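Computed from heavy atoms alone, side chains included, the values below leave out hydrogens, waters and symmetry copies. We name chains A, B, ... by the order of the sequence lines, and we start the count at 1 in each one. Keep in mind that this is a model prediction, so the values were computed, not measured.
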2 protein chains.
Amino acid sequence: MTQQAKVQVEKLTAANTRDKILDAAEALIVEHGYAGTSLRAITQRAGVNLAAAHYHFGSKKGLFSAVFHRRIEPVRQMRQQALETLIDSGKPYTVKDVIRTFLAPLYQVQNTDLLDTLPSLVGRIYGEPESVSKPILEAEFSEIADRYQAVFCGLLPRVPAEEIRWRFHFMIGSMIQTLRFQSPLGMAVDREQFINNLDRLVEFTAAGMQQLRDG
Amino acid sequence: MTQQAKVQVEKLTAANTRDKILDAAEALIVEHGYAGTSLRAITQRAGVNLAAAHYHFGSKKGLFSAVFHRRIEPVRQMRQQALETLIDSGKPYTVKDVIRTFLAPLYQVQNTDLLDTLPSLVGRIYGEPESVSKPILEAEFSEIADRYQAVFCGLLPRVPAEEIRWRFHFMIGSMIQTLRFQSPLGMAVDREQFINNLDRLVEFTAAGMQQLRDG
DNA sequence: GTCTATATTGGGATAGAC
DNA sequence: GTCTATCCCAATATAGAC
């Protein structure tokens, strides 16, 4: 059973208290952010007791970290595997290929509920104050980001590393904006439209990443 | 006396209670966001009474709107004037020229304090939950955004309007990411570095905006 | 592992004196 | 226009029974 399929089951059943809390917290954080979401609102929505949240997660911050880790860790694994598979294939690959391994995992979620929440959740973390977002981003994201930047440097040997860093940053920005905008709260996302926007995003960011100075 | 110069003076003196509250609120919102900032913390930092905030702004949301309007309105005016000047000049202009009129006002603030706060403030509003950000963005931003999209459509007649809309969106995303990242809290921003990043951002987004399909 | 009950603190908002 | 004092509610967190 793949990790992804397992998440699906969790999402559909939410058998135990711990997962009920995670599900409720996730939905509310997507809508109102960290500071705007109370443990009371979470446990009420989950149909469990307030004290249970502290028992399972220790604190509000602990719960917050767990909510993000549950969703982002599978994405990280998919990115890493797709990237290394591409590189180890021995065949030549382009900037666009690499970008696609980075962005596609966010769009390849099978479960419809996750299709709504995962992009919004990723978009949300970048909007949080640094005191909230920085520990999460460093734990979940910094290693794979370094790896991608190194790969881009290899593909674009004439572009300085610092310039690559900035272009990577612009790419993240375009991604976040797309994630936040295309699945606004409660709006069902049409799957075909969603995939079209992945293509648009890849084209846009690839053009910027490998830009040639043309005046 | 230009509006910009007037803002400078306000910022340096903060003579009256109303401006002291705005200044304090601005600094705290940049750091902790809307939900993470209390009226008590604001008025304490401003050295004024809690009730004064309600007297001048009616509510927390009213204060929030005022904080953003004070900074964003001059930017809107600068963008509008630069854009119409470019178009009315009669000379031909490029996508890059237009993008520069959009992005440059954020970088052309004279006052050093504003150079720190304005970008962070603009970056912040996009990270807020929709219930907070939407009213602000629609009031301050939607008209000028429509205008720019129309100009891009005129410059790129072969690109469908919907595609332009998405590319404009990606551009905003890159902008926000840059604004949020390059003036982190309390960090003094080196002016030369700051301007360099404007050039990078213009190049990146122009490449994506006028991209040609090259496989 | 889950509950009730509560400690403690902080939140937005307002009445009314000056 | 600014203050003190207060209302009322919500927040995180924990103690202790079951």
(request) For the residue pair Y148(B) and F152(B), categorise the inter-ring angle as parallel (less than 30°), tilted (30 to 60°) or perpendicular (more than 60°). (result) tilted
(message) I need the CG-P distance between L39(B) and dA10(D), as an integer number of Å.
(response) 17 Å
(message) Please determine whether a side-chain nitrogen or oxygen atom of Y55(B) lies at a distance below 4.0 Å from atom OP1 or OP2 of dG1(D).
(response) yes
(request) With the side chain counted from C-beta on, respond yes when K96(B) and R100(B) share a heavy-atom pair under 4.5 Å apart, and no when they do not. (result) no
(message) dG1(D), OP1 or OP2 - any side-chain N/O from T17(B) closer than 4.0 Å?
(response) no
(request) Figure out the NZ/P separation between K20(B) and dG1(D), and round it to whole Å. (result) 14 Å
(request) Figure out the CD1/P separation between I42(A) and dA13(D), and round it to whole Å. (result) 11 Å
(message) If you count heavy atoms of other groups shown closer than 6.0 angstrom to CD of Q44(B), is the number above 12?
(response) no
(message) Within the structure provided, determine whether L137(B) and S142(B) are in side-chain contact (heavy-atom separation under 4.5 Å).
(response) no
(message) Starting the side chain at C-beta, find the nucleotide from dG11(C), dT2(D), dT2(C) nearest to H56(B).
(response) dT2(D)
(request) Check whether any side-chain nitrogen or oxygen of H54(B) sits under 4.0 Å from OP1 or OP2 of dA15(C), and answer yes or no. (result) no
(request) Measure centre to centre between the rings of F168(A) and F102(A), then say whether the value is under 6.0 Å. (result) yes
(message) Please report the distance, rounded to the nearest Å, between NZ in K60(A) and C1' in dT9(C).
(response) 14 Å
(message) Both S59(A) and A52(B) contact DNA chain D. Taking the nearest nucleotide for each, which residue is further toward the 5' end?
(response) A52(B)
(request) Round to a whole Å and report the spacing from CG of L50(A) to P of dA10(D). (result) 14 Å
(request) Could you state the atom-to-atom distance from NE2 of H32(A) to C1' of dA10(D) in whole Å? (result) 15 Å
(message) Regarding A51(A), tell me which of base, sugar-phosphate or nothing describes its non-hydrogen contacts under 4.0 Å with the strands shown.
(response) base
(message) Counting distance alone, no hydrogens or angles: does the base of dG11(C) have a donor or acceptor under 3.5 Å from a partner atom on the side chain of R40(B)?
(response) yes
(request) Can you tell me the distance, in whole Å, between the CZ atom of F57(A) and the P atom of dG1(C)? (result) 12 Å
(message) Between S38(A) and dA10(D), is there a contact of a side-chain N or O with OP1 or OP2 at under 4.0 Å?
(response) no
(request) Rounded to the nearest angstrom, tell me the gap between atom CG in N49(A) and atom C1' in dA13(D). (result) 13 Å
